[in-house]
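The structure presented is a predicted model; accordingly, all values stated were derived computationally and were not measured. In listed order, ligands and their atoms are each counted from 1.
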Amino acid sequence: MLNEKVVQLLNNQVNKEFYSAYLYLQFANFYVEEGLNGFANWYQIQAQEERDHAMLFMQYMQNNDAKVTLEAIDKPAIDLKEKKDPLETGLAHEQYVTSLIHAIYDAAAQEKDFRTMQFLDWFIKEQGEEETNASDLIKKMELFGSDAKGLYMLDQELGGRVYTAPSLTL
Ligand code: MG
């Protein structure tokens, strides 16, 4: 049996991961409108990954007989204007998600819930990668994005990203 507080935080994380997918789809749509289909591709795949994360949290809860309650997903209330806006919003969002996952880990540790701690290990590592990817994108945009040719090349590069299923299986 999982602790009630831990269940509540895991259930909240399901919602936050679906929200992340929603936010990244908004980024993808913004880039489609900007004519940057490579950037759009990158965020469409990112959205797929976030959906995978939500599914993993749900499955973990269900494997441990915890009831999943699906709540309303917030509207992405972000005004995107500049081409770099999604990149900066994305990094700040991933830092926020990291703090949420750390808070679940903290609650699990207080309950000596070693199973949940081990489950979250993958996500803690994943969040490190997400933050690195987000900040790398900002750096690349700063280096190459101000020049039309550089932006084109960067868009081509991001267009090459392909979806891979998460390495975590439950
Ligand atoms: Mg995620």
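A salt bridge links Lys140 to Glu157: one of the charged nitrogens lies within less than 4.0 Å of a carboxylate oxygen.
For a distance bound of 2.8 Å, the N, O or S atoms of Glu50 include one lying that close to the Mg ion (ligand 1). Among the backbone and side-chain atoms of Glu130, no N/O/S atom is found under 2.8 Å from the Mg ion (ligand 1).
By the 4.5 Å heavy-atom criterion applied to side chains, Gln110 and Asp106 are counted as neighbours. Residues Asp113 and Phe119 fail the side-chain proximity criterion, which asks for heavy atoms closer than 4.5 Å. By the 4.5 Å heavy-atom criterion applied to side chains, Leu10 and Val14 are not counted as neighbours.
Checked against the Mg ion (ligand 1), the N, O or S atom of His53 at the shortest distance is ND1. Nearest N/O/S atom of Glu17 relative to the Mg ion (ligand 1): this is OE1.
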